[in-house]
Colleague: 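Sharing a structure, written as structure tokens. Questions coming.
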Amino acid sequence: MPGLLVSTTVNGDAIEFVCPQDETLLDSLRDRVGLTGVKEGCGTGDCGACSITLDGRLVCSCLVLGAEANGREIETVEGLADGDKLHPLQDKFIEYAALQCGICTPGFLIAAKALLDRNPNPTVEEIRYGLAGNLCRCTGYDKIVRAVQAAAKQMRKK
Amino acid sequence: MPQDTSYTDQNFKLVGTRPRRPDGVDKVTGRAKFGADATAPGQLVGLILRSPHAHAKIRKIDTSKAEKLAGVKAVVTSADLPDLTDGDRAMLDILENCMARGRALYDGHAVAAVAAINAQTARKALKLIKVDYKVLPHVTDVDEAMKPGAPIVQDWVFTTGVEPKPNKPSNISQRNEFGHGDVEAGFAQADVIVEKSYKTEQTHQGYIEPHACLASVRPDGSGELWVTTQGHFTFRNICSSLLGMDVAKLKVTASEIGGGFGGKTHVWMEPVALALSRKANRPVKVVMSRDEVFRATGPTCSTSIDVKIGVKKNGTITAATAELRYQNGPFPAIWGMLGAMTSFACYDLKNVKSVGYDVLCNRPKVTAYRAPSAPMAAFAVESTMTLVAAEIGMDPVDFRIKNAAKEGTLASYGPTYGPIGIGPTLAAVKNHPHMKAKLGKNQGRGMACGFWFNFGGQTCTDLNIGIDGTVTLTVGTVDVGGSRASLSIIAAEELGIPYDQVQANIADTASLGFNDMTEGSRGTFSSGMATIFAARNAIEVLRERAAQMWDIPVKAVVWENGEARATGKEHGNLPVLSLKEIAAKAPRTGGPIAGHNEVVADNAGVSFASHICDVEVDPETGGTKVIRYTVIQDAGKAIHPDYVEGQFQGGAAQGIGWALNEEYIYGEDGRLQNAGFLDYRIPVCSDLPFIDTEILEIPNPNHPYGVRGVGETSIVPPLAAIGNAVSDAVGVRLNHVPMSPPRILKALDEARGS
Ligand code: FES
Ligand code: FES
């Protein structure tokens, strides 16, 4: 089977890649576009480590085919900072020690951003359910929830 | 020169603060490179074929079709990994676990591997390998495996530690006994005796990052391995010995590690990746799928435990015994022994005996999982402790305080304790507002204690001072959760300079001496100790250089607040020299300024914790929710409290998952039925409350700063704390972990029926 040419926008940049028809978008992003900040924890949609937004919608990139990205806009953790300025979520994750190993962090940041885009002032309950699709095995989520609260507060100030 | 490791009380400037970690930016921007994130020119994709059978003889493996497929560059089986272990059975076990040798010992056991130009081709090639199996009877339950007539997992294993020496092979690889006193006499003095049996199911460490490595072996016998591991120096020793390479010629680099919790202390597919690379003469990358991680790596033991405790009406324990049966997977190990050692470590007992059995089953090779073996033993003992307290009408905390071990107690596993934290954690429980909070309907409260040994081990550290006075700290212990921040704090504290003037790095095996793995809660303890000594070593050099610059005797120079100061009448008026000024002159005063240390960091200092937990049980569904949780643990000294709290919270969360949800489910066919995160459910954000922490600091007398390891003990109490809380909430005692909804419903139904 010949590969497919995919034209897409990744973190604001026009990107083209060729991928086999059955390749996941996760693999395309990691192996063809070089964005290894997108992580694979399960490959079955259960851990959220591969979270990205596709046309603004939060998705698990392991459940999307690379070919489906054609003509669409992708945001990954690599596009979160504004130039040399970290996104408030990135900043608060460091400040609040919301990561231990950090493998889940890119997925959490993308999921948290999607949550705050929809709901700038979430309750603890809303944060917990909003992030329930992302697994973290290190932190017990305590400091993650606090970091998201702090980032939300800072983002509301602006 | 031997260093003085003893604790000295001092006022810290930086230790105990919470600066930002040095690897933070890389980890929030996606730049940090984990196991699967490395690439090499010409790299191939390696995949592994695994046994679908729990136990089978491998009659023949036909790889010819796979080898002929275009794009396949190497196929390996055990024939490509010859036995070079020279009679070392433990090493042969490791090799056999990496690649089956004539027999598949569990569902998921590797039988062959391929390297191909891409994943599509590699997957196709795996399908072309034909394995001729003769399926054998299997056993996956620990109690079944101990019965006479059970299928024998290893015909060369004869039980050790029993008299007379057995003459038939057995699934019980060893029996170990610990304790002291006369338990029969002790039970005879008891007013009340409680006896109960427990089971715990097998769980997985559940690190989010699957095992991954990039291996590159050259035809000249040298090679490199990039790998996610808790101990790259140990991986180097094991891989080079299994592959017949020289230790010095294999360079192993630890990637950032996406969680390990013990599961990345063992080699799994790394030797296979090296063998593929050697055969193909190309770099080979192997990344496990989640299914492979569950089926073929690192779970902890399933267990079956009996506990008996005798007590006087006044609350004094007169005798305690435990028999602990731990399922090890198909290779002999020491997990039951460790369980027996930890079981009564929290208490001061006159008469105590614990017997541990290590038992083989057709399940994956068990490896360490955070305070390995202790949580199951604590579930059995701490559940029984609360039952005993209830029998004599005593508050469970008071009952534990009355019997708690203290300085001078002869521990049930042998040593006599120095200053320890079990008493203080229990006192903190007693005074904690959590204990007084009101409970609602179907809610209950439980508490439990936990113990872990901690480990020190071999450590080697370099500290180099740059021309601008900034400091490169090079350590060999993998950073699993913020240790680069803690170690930078320590270096800055010793040198008297700001935190951000230190950059901590993890060296590869070619750049530093041997370091034991990051296990046994040793990362910050042992590398912290070596960092202190390396810094003190560097300070000696700095004093000499300052003396040279001033042209005065070195004994007249002291190091204070990051500066050299001349002392005495004669020189006291000389202006101080900063680290920066001395560093700038280094090229002309004797060259680079560095400190170095190698140490075997003994006496890691035992660790204790007490947890309090509130749950709400839904009597209709059997579902249990943890609604409040408090961890109180002795840290000796918290270097970076954020990451100490993080260890407390993470361990508690893993324990909660184990207590309520997580379990390996095997079918009659001996196959694992839930090898994925959908059916093996670890706690998610909405399952948990905030986890409150209280750090106690009872200095470890054998560390200059008083540090004790903090990484593991937090997983020990939750199983029992939750069991005790469930029992308080709905009046039924669960003796089988996980306390999943069906098990709770069944217990409730039985209680209603009776
Ligand atoms: S890798 Fe996509 S959800 Fe886990
Ligand atoms: S920080 Fe390790 S999985 Fe979340």
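Since this is a predicted model, take the numbers as computed values, not measurements. Residue numbers begin at 1 in each chain, while the letters A, B, ... track the order of the sequences.
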Colleague: Does any backbone or side-chain atom of B/E256 lie under 4.5 Å from a heavy atom of chain A? Answer side chain, backbone, both or neither.
Modeller: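 The answer is neither part of B/E256.
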Colleague: Among B/R681, B/M288, B/Q205, B/R18, who wins on heavy-atom pairs under 4.5 Å with chain A?
Modeller: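 Sorted descending by pairs with chain A, the first entry is B/Q205.
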Colleague: Within residues 137-157 of chain A, which residues come under 4.5 Å of chain B, heavy atom to heavy atom?
Modeller: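 When heavy atoms of chain B are the reference, residues 137-157 of chain A contributes A/R137, A/C138, A/T139, A/G140, A/Y141, A/D142, A/K143, A/V145, A/R146, A/Q149 within the under-4.5 Å range.
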Colleague: Select one option (side chain, backbone, both, neither) describing which atoms of A/A132 are under 4.5 Å from chain B's heavy atoms.
Modeller: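 Its backbone and side chain both get close to chain B.
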Colleague: Please test A/L80 against B/T29 for side chain to side chain contact (heavy atoms under 4.5 Å, CB included), starting from the C-alpha separation and ending with a verdict.
Modeller: CA-CA 7 Å; A/L80 209 51; B/T29 55; over 6 Å; no
Colleague: As an exercise: rank B/I656, B/D692, B/V684, B/N118 by heavy-atom pairs under 4.5 Å with chain A and give me the winner.
Modeller: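 Option with the greatest count: B/V684.
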Colleague: Using non-hydrogen atoms and a limit below 4.5 Å, what part of residues 34-43 of chain A faces chain B?
Modeller: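 The residues closer than 4.5 Å to chain B, in numerical order, are A/T36, A/G37, A/K39, A/E40, A/G41, A/C42.
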Colleague: Would A/D91 and B/R20 count as a side chain to side chain contact (heavy atoms under 4.5 Å, CB included) here? Give the steps.
Modeller: CA-CA 10 Å; A/D91 186 53; B/R20 295 162 82 94; 2.6 Å; yes
Colleague: Measuring from B/L678:CG to A/C47:SG, what's the distance to the nearest 0.5 Å?
Modeller: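 B/L678 atom CG to A/C47 atom SG measures 12.0 Å (nearest 0.5 Å).
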Colleague: Under 4.5 Å heavy-atom distance to chain A, tell me which part of B/I691 shows up: side chain, backbone, both or neither.
Modeller: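 For B/I691, the contact with chain A is made by backbone and side chain together.
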Colleague: If we define contacts as heavy-atom pairs under 4.5 Å, which of B/Y629, B/F261, B/Y207 has the most with chain A?
Modeller: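 Between B/Y629, B/F261, B/Y207, the count favours B/F261.
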Colleague: Please classify the contact of B/V287 with chain A as side chain, backbone, both or neither, using a heavy-atom distance under 4.5 Å.
Modeller: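 It is neither, since no heavy atom gets under 4.5 Å.
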Colleague: Pair A/T44, B/F677 - check side chain to side chain contact (heavy atoms under 4.5 Å, CB included), show working.
Modeller: CA-CA 8 Å; A/T44 51; B/F677 278 139; 5.7 Å; no
Colleague: Does B/K625 NZ have over 12 foreign heavy atoms under 6.0 Å away?
Modeller: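 Atom NZ in B/K625 is packed in, count exceeds 12.
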Colleague: Side chain, backbone, both or neither: which part of A/D27 has a heavy atom under 4.5 Å from chain B?
Modeller: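 For A/D27, neither part sits under 4.5 Å from chain B.
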Colleague: Of the backbone (N, CA, C, O) and the side chain (C-beta and beyond), which part of B/F690 lies under 4.5 Å from a heavy atom of chain A, both, or neither?
Modeller: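 When you check distances to chain A, atoms from both the backbone and side chain of B/F690 fall under 4.5 Å.
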Colleague: Is any side-chain N of the basic residue among A/D31 and B/K285 closer than 4.0 Å to the acidic one's carboxylate O?
Modeller: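 No.
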Colleague: Sort out for me which of B/I208, B/D687, B/D26 touches chain A most, counting heavy-atom pairs under 4.5 Å.
Modeller: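 Top count of heavy-atom pairs under 4.5 Å with chain A: B/I208.
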Colleague: Return yes when atom CZ of B/R31 has more than 12 non-hydrogen atoms of other residues, nucleotides or ligands closer than 6.0 Å, and no otherwise.
Modeller: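 No.
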Colleague: Which bit of B/S289 is near chain A, if near means a heavy-atom gap under 4.5 Å: side chain, backbone, both or neither?
Modeller: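 Neither the backbone nor the side chain of B/S289 comes within 4.5 Å of chain A.
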Colleague: Quick check on A/F93 against chain B: is it the side chain, the backbone, both or neither that has a heavy atom closer than 4.5 Å?
Modeller: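 Contact with chain B involves the side chain of A/F93 alone.
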Colleague: For each of B/Q647, B/H640, B/Q120, tally heavy-atom pairs with chain A at distances under 4.5 Å, and name the one with the top tally.
Modeller: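 Greatest number of close heavy-atom pairs with chain A: B/Q120.
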Colleague: Side chain, backbone, both or neither: which part of B/P19 has an atom under 4.5 Å from a heavy atom of chain A?
Modeller: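 Answer is neither: B/P19 stays 4.5 Å or more from chain A.
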Colleague: For chain A, find its close neighbours in residues 33-48 of chain B: heavy-atom separation under 4.5 Å, sorted by number, or none.
Modeller: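 The stretch touches chain A at B/F34, B/A36, B/D37.
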Colleague: Any residues in residues 99-113 of chain A near chain B, with a heavy-atom distance under 4.5 Å, and which are they?
Modeller: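 Within residues 99-113 of chain A, near chain B: A/L99, A/Q100, A/C101, A/G102, A/I103, A/T105, A/P106, A/L109.
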Colleague: Given the options B/P210, B/G482, B/A652, which has more heavy-atom pairs under 4.5 Å with chain A than any of the others?
Modeller: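 With the most close heavy-atom pairs to chain A, the winner is B/P210.
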Colleague: Most heavy-atom pairs under 4.5 angstrom with chain B, which of A/D46, A/N134, A/L86, A/L131?
Modeller: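 So the answer, after comparing A/D46, A/N134, A/L86, A/L131, is A/D46.
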